[in-house]
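Comments concern the structure below.
Atom set for the values below is all heavy atoms of this structure, side chains included, hydrogens, waters and symmetry mates excluded.
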Amino acid sequence: MEVGGLVALYVFMLAAVAGYEVITRVPVILHTPLMSGSNFIHGIVVVGAMVALGVAETPLEQAIGFVAVLLGAANAVGGYVVTERMLDMFKSSKKEDG
């Protein structure tokens, strides 16, 4: 494996460990607001995946880039769906007259 690949693997492993440590320390009641507040990060992930897909040269790289864009977009949409459902829980169930 080349040096660039090892650095990428190291960064991935470091991000995975750091992400796990951060998320496990968040109280359960804050998971949904935290996710809804971080929807902008999902957009950045989609942009990064599109850039990676744009520079892909081999069919394997293109396939991985396409899957990255697809999963990133699904993650972003899912975040907004969960946010909408969360906000609906706080709406009053009383019908207002006029």
Could you pull out all donor-acceptor pairs under 3.5 Å where a side-chain atom in residues 50-65 meets a protein atom, sequence neighbours excluded?
residue : atom : partner : partner atom : Å
T58     : OG1  : E61     : N            : 3.2
E61     : OE1  : E57     : N            : 2.8
E61     : OE1  : T58     : N            : 3.3

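- V17 forms part of no hydrophobic cluster, judged by ILVMFWY side-chain heavy-atom separations under 4.5 Å.
- Listed by chain and number, the residues in a side-chain contact (heavy atoms from CB on, under 4.5 Å) with A49 are A68, V69 (sequence neighbours excluded).
- Among pairs with a residue in residues 5-23, those fulfilling salt bridge (charged side-chain N to carboxylate O under 4.0 Å, His left out) read E21-R25, at least two apart in sequence or across chains.
- Chaining together hydrophobic side chains whose heavy atoms lie under 4.5 Å apart places V81 alongside V77.
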